Amino acid sequence: MASEVNLAQLRALVAVADTGGFGAAADELGISQSAVSHAVAALERSLGAPVLRRGTPCRTTPLGEQVLPHARTAVASAAAVRAIATRHSGGLTGTVRLAAPTTVCQALLPGLLRDWKAAHPQVTVRVFEGEDVELPTWLEAGTVDAAVLVDADRPAPGAVALGADSMHALLRRDHPLAGQETIHVGELEDDDFLLSEGGCERHIREAYRRAGTRFAPRHRIRDLNTLIGMVHAGVGVSVMPALALTMLPPDCVLVPIRPAVHRTLTLTGPTGRPWSPAVTGLLAGVAVTVPA
């Protein structure tokens with residue numbers, strides 16, 4: 001008779017699904033790769049079918065896809081129980097998986113991570129960098145425990161408003177418009193426009209729509225560092241959030257655009273399930289001012 005499914009097996013499945021491999025899952029869990037393999041194999045024997053397709057990276061099977069959300073819930077619930085017990089005895093502990101857009105990871109998270117480490121040394125925060133449109137799905141699916149969301153429609157109770165981040169034109173310092181206090185987006189029409197596909201396209205389109213100016217990007221770039229490198233090389237100009245300032249080389253500048261367009265940033269846990277005590281503890285007292 002097959003053995004019952006246990007938490008260690010579900011934890012191994014979640015770790016392999018999240019990291020894409022047995023070795024990486026072992027590092028994540030702090031156990032041997034053999035132990036991860038045995039746990040997944042035992043889970044598959046209990047269920048009577050494979051939950052993972054072995055390869056590089058490992059992928060879930062159709063059965064694994066159905067099991068994974070429940071496995072995440074079980075693992076998260078067990079972690080919450082442990083965190084509640086620890087908090088009851090006077091401390092806060094656990095691991096928080098936090099997702100955020102690239103510019104937030106670069107500009108805001110270092111300070112937050114430093115403050116959290118000082119205030120809650122027993123809490124481990126693992127950062128996942130993603131695009132704006134991916135993060136709500138990751139959060140509600142349980143892939144991460146908290147996220148910095150862009151223009152969140154209905155923030156969950158307890159969410160922290162980090163502020164508003166305005167859109168700026170990205171230019172080389174020797175560009176004719178680089179010395180202006182603001183730039184109307186229509187003034188960029190003579191330059192090749194490089195569009196970041198990392199999540200700000202809708203904000204950029206909104207600025208051009210409000211200005212009544214034709215929007216015709218010459219290049220579409222997925223990676224933000226690649227886009228900055230192309231502007232630096234003189235290939236064209238772009239528009240990106242003010243938080244990108246920390247990523248720029250010295251001979252590139254950001255200039256506010258007209259019409260002004262902002263994105264709001266919200267640090268939150270999920271709306272569809274209870275937050276872990278570690279997430280609640282980290283978010284309590286967070287105060288961040290985002291550059292305008």
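Fair warning: this is a prediction, and the values are worked out from it, not measured in the lab.
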How does the hydrophobic cluster around Val133 look, that is, which other residues are in it when side-chain heavy atoms under 4.5 Å mark a link?
->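 Besides Val133, the hydrophobic cluster comprises nothing; the residue is isolated.
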
Give every donor-acceptor pair under 3.5 Å between a side-chain atom in residues 109-117 and any protein atom, sequence neighbours left out.
unit_1	atom_1	unit_2	atom_2	d
Trp116	NE1	Leu282	O	2.9

Is there a donor-acceptor pair under 3.5 Å between the side chain of [X] and the backbone N or O of [Y]?
| X | Y | result |
| --- | --- | --- |
| Gln9 | Asn6 | yes |
| Arg209 | Phe215 | no |
| Thr61 | Pro50 | yes |
| Glu140 | Gly272 | yes |

Apply the test side-chain contact (heavy atoms from CB on, under 4.5 Å) to residues Tyr208 and Leu188: give CA-CA distance (whole Å), side-chain angles for both, the deciding distance (0.1 Å), then the verdict.
-> CA-CA 11 Å; Tyr208 276 81; Leu188 301 175; 3.9 Å; yes

Set of residues satisfying side-chain contact (heavy atoms from CB on, under 4.5 Å) with respect to Gln180, sequence neighbours excluded |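 With sequence neighbours excluded, Gln180 shows a side-chain contact (heavy atoms from CB on, under 4.5 Å) to Leu177, Ile183, Glu187, given in chain and number order.
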
Is it the case that more than 12 heavy atoms not belonging to Arg218 sit under 6.0 Å from its CZ atom?
->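 No, CZ of Arg218 has 12 or fewer neighbouring heavy atoms, counting only those of other groups under 6.0 Å.
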
Find out if a path of hydrophobic residues (ILVMFWY) with successive side-chain heavy-atom gaps under 4.5 Å connects [X] to [Y].
| X | Y | answer |
| --- | --- | --- |
| Val125 | Val279 | yes |
| Met230 | Val239 | no |
| Val150 | Val261 | no |
| Val160 | Val96 | yes |
| Val235 | Leu227 | yes |

Rounded to the nearest 0.5 Å, what separates atom [atom1] in [X] from atom [atom2] in [Y]?
| X | Y | atom1 | atom2 | answer |
| --- | --- | --- | --- | --- |
| Arg53 | Cys58 | CZ | SG | 11.5 Å |
| Phe22 | Glu28 | CZ | CD | 14.5 Å |
| Asp145 | Thr95 | CG | OG1 | 8.5 Å |
| His262 | Asp165 | NE2 | CG | 8.5 Å |
| Ile257 | Leu170 | CD1 | CG | 12.0 Å |
| Ser196 | His203 | OG | NE2 | 12.0 Å |

[X] side chain near [Y] side chain, heavy-atom distance below 4.5 Å:
| X | Y | value |
| --- | --- | --- |
| Val75 | Leu7 | yes |
| Met240 | Met247 | no |
| Ile221 | Leu195 | no |
| Ser166 | Pro256 | no |
| Leu108 | Leu267 | no |
| Thr143 | Phe128 | no |
| Leu29 | Arg11 | yes |
| His168 | Leu245 | no |

Side chain to side chain contact (heavy atoms under 4.5 Å, CB included), paired with Leu265, selected from Leu243, Thr103, Leu149 |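 Going through the options one by one, the only one that passes is Leu243.
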
Qualifying side chain to side chain donor-acceptor pair (under 3.5 Å) pairs, either residue in residues 235-252, two or more places apart |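 Sorted pair list: His232-Asp251.
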
Minimum heavy-atom distance [X]-[Y], with the two atoms named:
| X | Y | answer |
| --- | --- | --- |
| Gly269 | Trp275 | N-CZ2, 3.1 Å |
| Ala118 | Pro121 | O-CD, 4.0 Å |
| Leu254 | Ala242 | CD1-O, 3.8 Å |
| Arg210 | Pro259 | NH2-CB, 3.7 Å |
| Leu63 | Ala49 | CD2-CB, 3.7 Å |
| Cys200 | Asp132 | N-OD2, 4.2 Å |

Apply side-chain contact (heavy atoms from CB on, under 4.5 Å) to the pair Leu10 and Leu43, showing each step before the final yes or no.
-> CA-CA 8 Å; Leu10 298 178; Leu43 174 62; 4.2 Å; yes

Can you check side-chain contact (heavy atoms from CB on, under 4.5 Å) on Val148 and Thr266, steps first, answer last?
-> CA-CA 5 Å; Val148 177; Thr266 304; over 6 Å; no

Side-chain donor-acceptor contacts of residues 12-19 below 3.5 Å, not counting sequence neighbours, with atom names and distances?
unit_1	atom_1	unit_2	atom_2	d
Asp18	OD1	Arg72	NH1	3.0
Asp18	OD1	Arg72	NH2	2.8
Asp18	OD2	Arg72	NH1	3.1
Asp18	OD2	Arg97	NH1	3.4
Thr19	OG1	Ala15	O	2.8
Thr19	OG1	Gly21	O	3.2
Thr19	OG1	Ala25	N	3.3

State which residues pass side chain to side chain donor-acceptor pair (under 3.5 Å) with Glu129; sequence neighbours excluded, sorted by chain then number.
->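 For Glu129 the side chain to side chain donor-acceptor pair (under 3.5 Å) partners, ignoring immediate neighbours, are Thr102.
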
Start with the C-alpha gap between Leu224 and Gln106, add the side-chain angles, then the distance that decides, and say whether side-chain contact (heavy atoms from CB on, under 4.5 Å) holds.
-> CA-CA 11 Å; Leu224 197 56; Gln106 292 274 347; over 6 Å; no

Should the pair Arg263-Asp151 be classified as a salt bridge under the 4.0 Å nitrogen-to-oxygen rule?
->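 Between Asp151 and Arg263 there is no salt bridge, as every charged N stays at least 4.0 Å from the carboxylate O atoms.
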
